[in-house]
Amino acid sequence: MLVEPIQATLEMGVPLSEVTFCVVDLETTGGSPTDSRITEIGAVKLRGGQRIGTFSSLVNPQVAIPPYITHLTGIDDFLVTGEPPIEEVLPSLVEFLRGSVFVAHNARFDHSFLNAALGRFDYDPVPGPAVCTARLARRIVWPDVPNVRLQTLANYFRTRVKPAHRALADAEATAEVLDGLLDLGGRLGILSLGDLHEAVRARGRPHFGKIRMADDLPRAPGVYAFRGRDGRVLYVGKSKDLRARVKSYFYGDERKKVNDLLAEAHRVEGVECPGGELEALVVEARLIRRHEPRYNRHGKSWRRYAYLKIDTSEAFPRIKVVRRASVDDGHVYLGPFTNGGRAHLAKEALEEVFPIRRCTRAMGARTRFAPCALAGMGRCAAPCDARVDPERYGELVRELLSSLYAPGGLLAALESRMAALAAAERYEEAALVRDRLRVLAEALRRARQDAWLLGAGRLTVAGPDGRPLRFEDGGLVTGNATPEPIPHPCPRERADELAAVRSWLARNPVTVLSCDEPPAEPVEGGAELHHLLARLRAWDREKPSRPLKPATCQPAGSPTRVGDPRQGHARRTRRRRRMAEFMDVHRGMEGITPELLAEAHNADLAIQGEEGVDFKHAWADPASGLVFCLSEAPDAGAVKRIHERAGHPTDEVYEVPLQA
């Protein structure tokens with residue numbers, strides 16, 4: 001037989017006045033649903049605060065009732081003799097529960113006992129979630145009551161029926177407590193069945209009373225903003241259901257940041273976005289830029305954005321990392337990048353292919369000074385000592401600028417460089433080239449998308465749902481207000497807004513309805529850019545297994561394999577670079593035992609005797625045959641102590657190669 005609770009047939013937004021509740025209390029022979037049995041059942045059915053039915057029955061548990069249960073409830077073996085067993089009571093009880101919401105005080109106990117009994121006789125369980133009046137009291141009347149025991153709550157609400165550790169009396173008292181809790185909960189915004197379930201599940205208590213701030217918010221998509229007592233915006237977010245999302249902050253989010261936000265919040269404002277997700281994304285970005293809320297992680301992150309700038313008015317231009325981009329200065333910009341570190345990676349990628357000067361000294365057409373080491377290595381055209389004249393250097397700069405618009409050759413050169421380094425087992429350098437290549441390719445892709453979006457003038461597209469979306473010079477039209485145009489290059493304070501539009505367009509197919517300039521990207525280099533980014537994403541998804549297998553020790557000078565070019569995540573790059581430098585510089589520490597290195601570097605030791613031992617950086621002592629792994633790159637003091645304790649010149653070292 002199937003129990004049909006109201007949750008299965010009605011929406012969670014149904015008003016509580018239209019919900020039928022069934023308050024249940026059970027008396028049992030113990031506390032385990034598996035080993036104990038039910039001795040008495042009491043239930044009260046309520047709707048709109050009115051009692052519409054009761055159910056009460058003693059049950060023969062067919063096992064002995066412990067004396068302490070008899071002392072507590074007054075139910076003994078003699079009292080239940082001749083009463084029906086549970087299998088005879090269940091059909092009537094299931095019918096009584098049908099179409100109602102299960103309620104109990106400490107509902108987990110009664111719900112689990114009843115479902116265990118139903119399961120033993122092949123009944124479907126009573127579905128949850130059950131409403132627990134003890135949990136609900138913690139949200140509504142705490143700390144006005146010292147505890148949430150049924151006796152305490154009955155005294156607080158002055159119920160007519162007092163708890164007596166008998167099923168029907170306790171169920172009737174719980175029903176009156178529930179009626180009082182729902183009356184008080186209505187003032188806190190608990191008005192629907194969904195609100196009630198969320199309040200019962202809520203874990204946090206200190207700020208639950210502020211949930212009333214969400215009462216006036218619509219159940220519609222849009223953007224919400226928490227404001228403090230001084231009116232300042234504390235946090236901005238978006239949601240498909242404003243009212244439900246704001247209330248969710250009070251339902252057990254244990255993050256300290258959320259608790260601090262709720263402590264400062266004084267009111268919540270909502271802005272409906274009939275344009276859907278894209279409009280909500282854009283409005284959110286604009287509000288964050290305007291108010292810079294302290295609890296938004298991206299509130300001030302735009303201040304870290306950076307650009308690559310090539311000043312073509314200089315005699316010998318170079319690539320600069322700058323924080324702002326000017327629209328009218330005539331220079332060439334690439335970006336913005338999310339931080340200066342990524343901008344420098346893209347700059348190094350371009351300098352890897354083009355021998356543009358890197359010195360920061362101002363140079364005129366006749367400026368001369370001593371060249372740097374890069375000139376001797378062939379990495380710089382060296383206009384400083386007249387190795388190249390302004391005309392030839394200008395051709396180099398024009399070739400660089402051309403590669404930004406048609407990047408096929410540039411990307412191929414960097415990818416070939418990465419492959420050559422990996423083939424030579426110079427994996428650390430290959431990973432670094434790969435990171436530079438990724439940042440540059442992503443920036444070039446964004447630049448192509450931004451060029452047609454910002455240059456289309458008035459653009460109207462139809463989204464997946466057919467709703468038209470209008471752009472004015474890159475800015476999305478929201479409501480009746482004309483947006484502020486986004487210039488090209490995009491200023492860093494508008495970068496998050498443009499990124500939201502770009503991301504949404506990439507995830508949703510749209511149809512162009514009208515435009516001033518047809519959106520188009522250059523054909524040359526587009527396929528190479530697309531395929532390269534696809535390969536980079538595929539490499540990121542792969543996690544190659546490179547176990548350290550038994551191998552004989554080899555003398556110094558053999559290639560050291562550090563990492564893998566497909567594993568060059570940013571968080572590991574610094575550690576791998578330091579480890580590679582240490583391996584290259586501090587070679588030949590003959591006589592150093594694994595114990596010495598473990599003490600100096602806090603290393604993890606392992607005996608190399610079995611296959612499948614997986615270490616990222618492995619060394620071996622030729623005398624003992626032990627293999628150990630450095631968990632962190634050593635500092636200068638640790639290296640000095642190794643030298644002092646070893647007492648040997650640094651002319652030999654033995655390494656265990658990492659084999660596939």
Side-chain angles (χ1 to χ4, degrees), residues 1-8 20-46 53-77 79-136 148-150 163-175 177-178 196-197 200-201:
M1 187 176 294
L2 179 64
V3 179
E4 297 178 356
I6 194 169
Q7 298 97 309
T20 301
F21 296 100
C22 191
V23 184
V24 178
D25 187 81
L26 305 178
E27 302 299 334
T28 64
T29 61
S32 171
T34 304
D35 303 327
S36 303
R37 296 294 182 264
I38 297 173
T39 60
E40 187 178 23
I41 301 174
V44 178
K45 186 175 287 190
L46 305 171
T54 59
F55 180 95
S56 178
S57 175
L58 284 168
V59 178
N60 187 346
Q62 299 179 332
V63 296
I65 299 176
Y68 74 92
I69 296 294
T70 300
H71 177 76
L72 180 66
T73 65
I75 302 175
D76 56 15
D77 294 332
L79 185 63
V80 297
T81 300
E83 297 295 336
I86 188 65
E87 59 266 29
E88 296 182 12
V89 178
L90 285 178
S92 300
L93 178 61
V94 168
E95 187 63 31
F96 188 79
L97 290 172
R98 186 183 300 276
S100 61
V101 176
F102 187 94
V103 182
H105 196 74
N106 294 320
R108 183 177 180 181
F109 176 87
D110 300 274
H111 195 252
S112 61
F113 254 97
L114 183 55
N115 279 339
L118 291 170
R120 282 194 288 269
F121 297 99
D122 294 329
Y123 285 89
D124 292 333
V126 177
V131 175
C132 178
T133 52
R135 285 176 172 265
L136 188 60
V148 292
R149 296 172 56 189
L150 183 57
H165 291 294
R166 293 300 298 268
L168 183 59
D170 288 2
E172 290 177 333
T174 303
V177 169
L178 174 66
L196 179 61
H197 284 314
V200 171
R201 288 201 298 264

Heavy-atom side-chain contact between Val94 and Val126 under 4.5 Å = no
message = I need the minimum non-hydrogen distance between Gln62 and Pro85, along with the two atoms involved.
response = NE2-CB, 3.6 Å
message = Using modelled atom types and a 3.5 Å cut-off, is there a donor and acceptor pairing between side-chain atoms of Thr39 and backbone atoms of Glu27?
response = yes
query = Is it true that a side-chain atom of Asn60 and a backbone atom of Thr81 form a donor plus acceptor pair closer than 3.5 Å?
reply = no
ask   = Counting N and O atoms only, with roles assigned by atom type, does the side chain of Asp170 sit under 3.5 Å from a partner on the main chain of Ala164, one being a donor and the other an acceptor?
value = yes
key: Any side-chain heavy-atom pair of Leu114 and Leu93 under 4.5 Å   = yes
task = Mind running side chain to side chain contact (heavy atoms under 4.5 Å, CB included) on Leu79 and Ile65 for me, showing each step along the way?
result = CA-CA 10 Å; Leu79 185 63; Ile65 299 176; over 6 Å; no
remark   = CZ (Arg166) and CD (Glu172) are apart, to the nearest 0.5 Å, by 12.5 Å
key: Evaluation steps, side chain to side chain contact (heavy atoms under 4.5 Å, CB included), between Thr20 and Arg98   = CA-CA 10 Å; Thr20 301; Arg98 186 183 300 276; over 6 Å; no
query = What do you reckon, is CZ of Arg149 surrounded by more than 12 foreign heavy atoms closer than 6.0 Å?
reply = no
ask   = Near Arg120 CZ, under 6.0 Å, is it more than 12 heavy atoms from other residues, nucleotides or ligands?
value = yes
request  = Search all heavy atoms of Leu168 against all heavy atoms of Ala43 and return the closest pair with its distance.
outcome  = CD1-O, 4.2 Å
key: Phe109 side, atom CZ; Ser32 side, atom OG - distance, nearest 0.5 Å   = 9.5 Å
ask   = Can you check whether Ile41 reaches Ile86 side chain to side chain, under 4.5 Å on heavy atoms?
value = yes
ask   = Do side-chain atoms of Asp110 reach the backbone of Leu26 as a donor and acceptor pair under 3.5 angstrom?
value = yes
ask   = Which heavy-atom pair separates Pro61 from Val80 by the least distance, and what is that distance?
value = CD-CG2, 3.9 Å
ask   = What's the shortest heavy-atom distance between Val63 and Asp77, and which atoms?
value = O-OD1, 4.1 Å
query = Are any side-chain N or O atoms of His105 and backbone N or O atoms of Val23, one a donor and one an acceptor, separated by less than 3.5 Å?
reply = no
ask   = Relative to the ring of Phe55, is the ring of Phe96 parallel (under 30°), tilted (30 to 60°) or perpendicular (over 60°)?
value = tilted
request  = Show the numbers, then the answer: is there a side chain to side chain contact (heavy atoms under 4.5 Å, CB included) between Phe21 and Leu196?
outcome  = CA-CA 12 Å; Phe21 296 100; Leu196 179 61; 3.7 Å; yes
query = What is the minimum heavy-atom distance between Leu150 and Pro163, and which atoms define it?
reply = CG-CG, 3.7 Å
query = Side chain of Thr70, backbone of Ile75: donor and acceptor closer than 3.5 Å?
reply = yes
message = Strictly distance-based, threshold 3.5 Å: is any side-chain N or O of Ser36 a donor or acceptor partner for the main-chain N or O of Pro33?
response = no
remark   = Scanning both residues in full, the closest heavy-atom pair of Arg37 with Thr34 reads NH1-O, 3.1 Å
query = For Val59 and Glu83, what are the C-alpha separation, side-chain angles and deciding distance, and is it a side chain to side chain contact (heavy atoms under 4.5 Å, CB included)?
reply = CA-CA 6 Å; Val59 178; Glu83 297 295 336; over 6 Å; no
query = Distance from Leu90 atom CG to Asp122 atom CG, nearest 0.5 Å?
reply = 11.5 Å
